[in-house]
Amino acid sequence: MTLVLAADGRPLKASLNRALRRQKLRALMLIAPLLIFIMVSFVMPIADMLFRSVENEIVVETLPRTVATLDGWDSESGQAPSEDVFAALYFDLVLATEYKTHTRLGSRLNYEMSGISSLFRKSGRGVGRFTTDTYTDAIQAADLAYSDPAQWAVWMADDDVRAALPMTANIYDAWATMIIVAEEDVPAEEVPWDFVYTSLFLEVMEGAEPPIALDLSAVAPVSLRDQFADVDEDWLDPVVWQIVKIYSPEYTNGYFLNSVDRLKGLDGIEVRPENEQIYITLFIRTMIMSGSIMGMCVLLGYPIAWLLANLPARKANMLMILVLLPFWTSLLVRTSAWKVLLQRQGVINDTLVWYHSTWFGQLLDPVFMGLLNLCYALVNAITWVWNLINGIWGGTDGLYLDWAVAGFERLALINNQTGTIIAMTHILLPFMILPLFSVMKTIPIAYLRAAKSLGATNWTAFWRVYFPQSVPGIGAGCILVFILSIGYYITPELVGGTKGVFISNRIAFHISSSLNWGLAAALGTILLVVVMGLYWMYDKIVGIDNVKLGG
């Protein structure tokens, strides 16, 4: 077989592969800035959010010795741990107080048990007043070498001494690191603190051989368990220790369990008390209200987009300005405007009251009563179905019936779900109109004329010919509006009250107020998964290829 060579003498196949690699490398270099931007701006924040939703290193990093000794404690015994665990807690808490990490740890565990944050803060202040200085005085009095910082440094550099006193060596190393990092001093020039002498005393009393023999039999032991109990009796509560033990692993599913109104218990996953269940309700409410806003945008946006696409250019441009003008207006301005309009003494209620007082309004009251009763029956049916499923929707605002029964009094249009739906429908309506308009603009009007010329009615021509061609625009608008809706939090916060807020409001609360970033990350992750799931369902049912923003 004859080997085909290229002009440079290389085999032709190898030469072609080399040229192809060069082309791919040049293409990669061209898109590299955009790829880096996407990685830094989108991928890395999402990855960080996913990590924070399971990250739980603060417990084991702050209380490493306590967590290790807790492995031997029977959490179902109903008793507080032994003296060894309290000794480990003493060493860890002294160091954590110097690093000022005990408050962060308390805040983390306070998410799981209310009040534990103050327990750690109080203990951080009290641990420095423990009476362990009696060990220090006794050891230094036994031999002056134990009060020499340089001698301590020499001992702790000796492998034989470290092997004989492993706990003291570990505590001294932690103390020396703290002296360098937090105090910015030299360990060889500082006398070790009381907790180092405490560890030496404990090991000597257990039979370890110190570098210089010590007779500490006359020293009365100090109960660290009692010392902690004197600071706060909650340390003798086994539930506190159960919380520490449950959340001691570096990674936890606790945030995700909290996100679905569950918690980690001794016997596994448990349901939270009914008065603490909130997140599933918020998730479902967010989905239903986002779907309602999307449906309202379709109903209102479709005829407007049809007018824009079929009016003469001059009139269409004027109408387009009316659509874009609120779109260009600040979100806070639009939301504030709705807050004024929807109040009980606002423009809409004033207009309705005035209308009802006129003879024209009284003439049309029977008609509106029929429409209102129909609407109420529809809302009531939806509520009944929803309550049948799980009974957590909480019913509707009873808007229509309340209005009719009250004799057309002023409506409660704000600080409830109604206000949120009205304001967000107005704010997101352009995101439905613009994709619809872009698609409808490409639908030839001759198709409708042809259908009519073949005998189709106006409705048949629209439904069988025009509407199917506009479905890609509806799909694009629905995706835009729905995804934007579930992430909104400013408008629901301002006009939604307690019944009209979304899960996004809770995420913002945990990020900015409670600082429970792990729970916020877990809620955000669930929201992301729900959106991706809905996107997947849409692709399977409708087909993402049918979604068009224009052309």
Side-chain angles (χ1 to χ4, degrees), residues 49-63 66-67 70-71 73-81 85 89 102-121 232 234-287 390-394 498 501-511 513-530:
M49 180 189 71
L50 295 175
F51 176 71
R52 283 182 181 276
S53 65
V54 296
E55 183 265 339
N56 190 52
E57 295 177 346
I58 187 171
V59 179
V60 70
E61 286 182 350
T62 308
L63 305 176
T66 309
V67 169
L70 266 179
D71 285 340
W73 174 59
D74 182 6
S75 57
E76 298 181 358
S77 64
Q79 300 293 324
V85 177
L89 176 65
H102 66 297
T103 54
R104 289 177 50 220
L105 173 63
S107 299
R108 165 66 187 95
L109 296 177
N110 200 65
Y111 302 146
E112 316 301 337
M113 180 180 178
S114 180
I116 204 168
S117 177
S118 62
L119 176 63
F120 272 91
R121 283 199 302 270
D232 197 315
D234 284 349
W235 282 117
L236 300 182
D237 184 358
V239 177
V240 172
W241 291 98
Q242 289 168 358
I243 294 295
V244 174
K245 187 171 184 178
I246 289 173
Y247 290 93
S248 59
E250 294 183 4
Y251 301 98
T252 179
N253 59 357
Y255 292 123
F256 281 101
L257 292 176
N258 285 338
S259 301
V260 292
D261 297 331
R262 302 292 188 273
L263 57 85
K264 293 178 69 174
L266 293 176
D267 300 326
I269 299 173
E270 301 175 1
V271 179
R272 282 193 173 276
E274 190 172 347
N275 60 346
E276 297 179 8
Q277 297 178 11
I278 178 175
Y279 296 111
I280 289 181
T281 303
L282 283 176
F283 271 117
I284 294 174
R285 180 193 295 169
T286 300
M287 293 298 118
N390 48 30
I392 60 175
W393 170 241
T498 56
V501 295
F502 287 3
I503 191 66
S504 52
N505 296 97
R506 206 65 187 170
I507 294 174
F509 167 77
H510 286 306
I511 290 176
S513 298
S514 72
L515 303 182
N516 190 350
W517 287 22
L519 181 55
L523 292 170
T525 302
I526 293 176
L527 204 58
L528 177 65
V529 171
V530 170

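Please read these numbers as outputs of a predicted model, since none were measured by experiment.
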Please give me the minimum heavy-atom distance between [X] and [Y], naming the atom from each residue.
{"X": "Gln242", "Y": "Ser75", "result": "NE2-O, 2.8 Å"}
{"X": "Asn56", "Y": "Tyr247", "result": "ND2-O, 2.6 Å"}
{"X": "Tyr279", "Y": "Asp261", "result": "N-OD1, 3.1 Å"}
{"X": "Val67", "Y": "Ser248", "result": "CG1-CB, 3.6 Å"}
{"X": "Ser53", "Y": "Leu50", "result": "OG-O, 2.5 Å"}
{"X": "Ile116", "Y": "Leu109", "result": "CG2-C, 3.3 Å"}

Judged by atom type as modelled, is there a donor-acceptor pair below 3.5 Å linking the side chain of [X] to the main-chain atoms of [Y]?
{"X": "Lys245", "Y": "Trp73", "value": "yes"}
{"X": "Asp234", "Y": "Val240", "value": "no"}
{"X": "Trp517", "Y": "Met49", "value": "no"}

List the residues meeting salt bridge (charged side-chain N to carboxylate O under 4.0 Å, His left out) with Glu276, not counting sequence neighbours, and say none if there are none.
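So Glu276 forms a salt bridge (charged side-chain N to carboxylate O under 4.0 Å, His left out) with Arg272.
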Within 6.0 Å of CD1 in Ile278, more than 12 heavy atoms from elsewhere
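Atom CD1 in Ile278 is crowded, with more than 12 foreign heavy atoms closer than 6.0 Å.
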Would you please name every residue forming a side-chain hydrogen bond (donor to acceptor under 3.5 Å, both in side chains) with Thr103, sequence neighbours left out?
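So Thr103 forms no side-chain hydrogen bond (donor to acceptor under 3.5 Å, both in side chains) with any residue.
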Which residues satisfy the side-chain hydrogen bond (donor to acceptor under 3.5 Å, both in side chains) test with Ser117, sequence neighbours excluded?
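Residues passing side-chain hydrogen bond (donor to acceptor under 3.5 Å, both in side chains) with Ser117: Arg121.
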Give, for atom CD1 of Ile58 and atom CZ of Arg108, the distance between the pair rounded to the nearest 0.5 Å.
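Rounded to the nearest 0.5 Å, the CD1-CZ separation comes to 8.5 Å.
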Distance, nearest 0.5 Å, that separates CG of Asn253 from CG of Asn258:
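Asn253 atom CG to Asn258 atom CG measures 9.5 Å (nearest 0.5 Å).
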Are any of the side-chain heavy atoms of Phe502 and Ile507 separated by less than 4.5 Å?
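The answer is no; the side chains never approach within 4.5 Å.
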